[in-house]
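Only one structure is covered here, and it is reproduced in the block below.
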Amino acid sequence: MKQAARMQQQIEQTQAALGSRTVEASAGGGAVKVTARCDGSVASIKIDPQAVNPADAQLLEDMILSAVNQALDEAKKVSSAEMGKATQGFKLPGM
């Protein structure tokens with residue numbers, strides 16, 4: 001039980017740290033930049049004013065979607081790696 005309690009504490013500490021850790025992704029040659037937290041939330045979206053063309057809103061939407069997905073994917077990878085470190089070495093019965 002002590003081992004499970006230690007693992008739970010490490011997981012909670014890792015989750016708290018992931019909430020403040022960020023990753024960035026961009027699309028359109030840097031026209032759209034997204035910063036995501038490793039807890040799965042989006043921290044910011046920056047759009048180069050030159051990328052805003054009312055006649056081609058679809059392109060801007062695609063760039064935003066692409067950058068957000070890239071940032072969230074990278075955040076998920078970091079989170080998985082960090083959570084793996086937090087649970088490494090713990091042997092729980094039935095797992």
Original post:
To the nearest 0.5 Å, what is the distance between OG (Ser44) and CD (Glu24)?
Top reply: 7.0 Å

Original post:
Is Ile64 isolated, or which residues cluster with it under the ILVMFWY side-chain rule of less than 4.5 Å, directly or via members?
Top reply: Val32, Val34, Val42, Ile45, Ile47, Val52, Leu59, Leu60, Met63, Val68, Leu72

Original post:
Nearest 0.5 Å, what's the NZ-CD distance between Lys77 and Glu82?
Top reply: 15.0 Å

**OP:** For Glu74 and Gln70, run side-chain hydrogen bond (donor to acceptor under 3.5 Å, both in side chains): C-alpha distance rounded to whole Å, both residues' side-chain angles, the deciding distance at 0.1 Å, then the answer.
**Re:** CA-CA 6 Å; Glu74 184 63 27; Gln70 287 176 36; over 6 Å; no

Subject >> Heavy-atom closest contact (Arg37 atom, Ala75 atom, distance) >> reply: O-CB, 3.4 Å

**OP:** Given side chain to side chain contact (heavy atoms under 4.5 Å, CB included), test Gln15 with Met83 step by step and report yes or no.
**Re:** CA-CA 8 Å; Gln15 287 173 331; Met83 291 304 286; 4.1 Å; yes

**OP:** Starting at OG1 of Thr14, measure out to CZ of Arg21 and round the result to the nearest 0.5 Å.
**Re:** 10.5 Å

Original post:
Between Ser66 (side chain) and Asp62 (backbone), is there a donor-acceptor pair under 3.5 Å?
Top reply: no

Subject >> Interatomic distance, Asn53 atom CG to Gln58 atom CD [nearest 0.5 angstrom] >> reply: 12.5 Å

Subject >> Note, Met7 side chain near Ile11 side chain (heavy atom, < 4.5 Å) >> reply: yes

Original post:
How close do Ala51 and Ala31 get, heavy atom to heavy atom, and via which atoms?
Top reply: CB-CB, 3.7 Å

Original post:
Which atom pair, heavy atoms only, marks the closest approach of Cys38 to Val23?
Top reply: SG-CG1, 4.0 Å

